[in-house]
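Everything below concerns the one structure shown next.
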Amino acid sequence: MSAGGRVWAQGTLAGVRRVFHTRLGGTTVASDRPEVLASVTGAGWDTRWLAMRLSGMVMPFPVHESVPWNGVDAVPSDHALVLEADGRTDEVVRWRAPEAKASLGEGAAVVRAALRDAVAARTAGEGTVSTDLSGGMDSTTLAFLADTGRRKLVTYRFAEADTGNDDAHFARLAAAHLPRARHVVDPAGHGEAMFAGLGPEAVAAGRADAEPFGWVRSRARIEHLARTMAGAGSQLHLAGHGGDELFRTGSHTHLHDFVRQSPLKGLGRVRDYRALARASWPATLRALSDRRSPAQEVASQARRLSASAPPAMQRGWRVEWVPMPWMPVWASETALEAARSVLEAAARAGPRPLAPWREQHEVLLLARCTGGIVAQADRLTRRTAGVGLAVPFLDDQVLHAALAVKPQERNTPRRYKPLLAEAMRGIVPREVLERRTKGEFSADLYHGWQRHRAHILGLLEDSRLAAHGLIHPGLLRRTLAGPHTSAAPLGSLDATLAAELWLRSLETTSRPPQPCFEHRQRGTQQ
């Protein structure tokens, strides 16, 4: 927005749309693409940033909104960039988390209206729109809301490899209640498996993005979805991403808040969750009594960071402000030291939480991390087949409405996603809203890995990450070539594979940017 020489630029709260800026010839220049700004200024990429990125699909808090390009800054999602007529530049707060005072019933009415508006904005007019219909509550919600619009509706489902997954049952049940829609199902084994299209040949067809792609193992599936929906006449696909982040019910974080707000009721809720988790009372009480600030937690993480597999699920709870990042077992000592330096700088900057209460902070952090990957996926689907990717759950008004509900009513050990279920009562079939199971997809992961392992190992033979001293290639190959009794090694591979492909994509530019070890503290403050 521009008026009277003053420019106001903002993205979205979940980071699906973002704003970045840099200095060029003494003038602030802003864009929604940080790599564009980097190309204009000739900025190199930060090796420390890339080392830290090996720890997961996204950067950890509080550097989750930072970018790899030196001299390019990201505007925090709850801020706006203001460019004054006299050349002054400032980032100003544009939104604060609401007080979570609404009851479940009150909040459900607001969430229902916000979701209806979010979907209606995408389904107005003529033509065709498509949605996921996996059988889960999130995608089913969007399909039923989209069915009320004027556009023709096409739903899509990629059948899972595990025949014991009951997603198929609930997807068929939902489809039976949507007779006007056309339902497309890719049978198991048809289409693209996980890890498809990521061999050496993928680099030539790739394009440099702002940063490594978070959903790298599913890239071919996303491209296949775009082409399939384009063939069905859709130019916009609605996906359920963000539903788990906003309406999740298994978080223990809200208990840390609840006990302080209402000790007796809070401890009663703690007892229920403790029994379900089979956690000991000493471990539970230690977690609930933790009063460290985000900065103290990040400083502790920097000291503890090591190259190891994430620990197995332990009896106990995680209620920290900051999830612990884990570097893969094949990370080099150079990468570990670089990642530690990122965390140490972040801790010194004194990061503030995204919201006053831990549960709201957690929801916002998850939403922003997902939103950033959605933005990448949207660019991918548009390049592939001209199909946009929309995620109504992460619209500003939906996010605000969900956060305004009391966390102890949004979270309960007795119901699955109670806020979304109440909001969709009378719209989505009761059987779907009362579902208590959730699909599990490790079979798809193993199937894709077995099918494409040789291509992935071939890609890593001449690793760019190894050339920059960030991984031990021999250890990586031995780990991937060995037997896998769990999905942990393959889960750790995602970040490494994304970073490897990103480095190779940079080489396809006319003037490849060079690495730089100048780590900037900017981007650690929120």
Side-chain angles (χ1 to χ4, degrees), residues 20 22 33-35 37-39 41-74 198 202-203 206-217 219 298 301-302 305-307 325-346 369 372-373 375-376 459-460 462-473 475-476 491-509 511-524:
F20 308 89
T22 190
R33 301 293 298 274
E35 71 274 25
L37 297 177
S39 67
T41 61
W45 53 273
D46 189 343
T47 308
R48 290 182 172 86
W49 187 99
L50 192 62
M52 185 79 261
R53 179 62 173 74
L54 294 177
S55 67
M57 292 169 60
V58 294
M59 292 287 279
F61 178 87
V63 293
H64 58 289
E65 292 188 306
S66 62
V67 296
W69 307 102
N70 286 295
V72 178
D73 294 319
L198 300 180
V203 177
R207 181 179 300 184
D209 203 352
E211 60 186 75
F213 185 30
W215 292 334
V216 64
R217 77 168 77 148
R219 190 175 80 176
V298 174
Q301 291 176 355
L305 193 66
S306 62
W326 296 94
M327 297 291 283
V329 295
W330 48 79
S332 68
E333 189 60 36
T334 297
L336 283 171
E337 288 302 319
R340 288 192 193 105
S341 72
V342 172
L343 295 177
E344 290 167 351
C369 290
I373 304 177
Q376 293 180 306
L459 175 72
L460 297 171
D462 182 25
S463 170
R464 304 303 190 268
L465 288 169
H468 288 289
L470 297 178
I471 64 170
H472 295 297
L475 180 56
L476 171 59
S492 299
L493 174 63
D494 280 356
T496 299
L497 190 55
E500 179 70 30
L501 288 168
W502 183 72
L503 283 178
R504 290 171 179 261
S505 71
L506 295 181
E507 297 174 356
T508 64
T509 62
R511 189 180 60 181
Q514 299 301 309
C516 177
F517 275 94
E518 178 192 353
H519 177 66
R520 299 169 293 112
Q521 290 190 23
R522 178 65 176 86
T524 62

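The shortest distance between side-chain heavy atoms of L465 and L476 does not fall below 4.5 Å. Taking 4.5 Å as the limit, some side-chain heavy atom of R504 sits within range of a side-chain heavy atom of D462. Under the 4.5 Å side-chain criterion, counting only non-hydrogen atoms from C-beta, F20 is in contact with V67. Side-chain atoms of M327 and L54, non-hydrogen and from C-beta on, do get closer than 4.5 Å to each other. Looking at heavy atoms from C-beta onward, S332 lies out of side-chain contact with I471 at the 4.5 angstrom threshold.
Between the side chain of T22 and the backbone N or O of G71 there is at least one donor-acceptor pair closer than 3.5 Å. Of the possible polar contacts, none joining the R217 side chain to the W215 backbone as a donor-acceptor pair under 3.5 Å is found. A donor-acceptor pair under 3.5 Å is formed between the side chain of W502 and the backbone N or O of D209. With Q376 contributing its side chain and P212 its backbone, the two residues share a donor-acceptor pair below 3.5 Å. The closest donor-acceptor contact from the side chain of N70 to the backbone of G44 lies under 3.5 Å.
Residues meeting the salt bridge (charged side-chain N to carboxylate O under 4.0 Å, His left out) test with E211, sequence neighbours left out: none. Under the side-chain hydrogen bond (donor to acceptor under 3.5 Å, both in side chains) criterion, S463 pairs with E500, sequence neighbours left out.
For W69 against L506, the heavy-atom pair with the smallest separation is CH2-CD2, 3.8 Å. In terms of heavy atoms, E344 sits closest to A302 at CG-CB, 3.7 Å. Minimum interatomic distance between V216 and L198 (heavy atoms only, all atoms of both residues): O-CD1, 3.4 Å. Taking both residues in full, the closest heavy atoms of A74 and E65 are given as CB-O, 3.0 Å, listed atom of the first, atom of the second, then distance. What you find for L305 and P325 is that their closest heavy atoms are CD1-O, 3.5 Å. Nearest heavy-atom pair, T496 versus W330, reported as atom, atom and distance to 0.1 Å: OG1-NE1, 2.8 Å.
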Review point. Please walk me through it: do T47 and L470 pass side chain to side chain contact (heavy atoms under 4.5 Å, CB included)?
Key: CA-CA 9 Å; T47 308; L470 297 178; 4.1 Å; yes
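Looking at E337 and R340, a side-chain N of the basic residue comes within less than 4.0 Å of a carboxylate O on the acidic one, giving a salt bridge.
Below 30°, between 30° and 60°, or above 60°: for H468 and W45 the angle between ring planes is above 60°, a perpendicular geometry.
Sorted pairs that involve residues 49-59 and meet salt bridge (Lys or Arg N to Asp or Glu O under 4.0 Å), not counting sequence neighbours, are lacking altogether.
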Give every donor-acceptor pair under 3.5 Å between a side-chain atom in residues 55-63 and any protein atom, sequence neighbours left out.
residue	atom	partner	partner atom	Å
S55	OG	M52	O	2.7

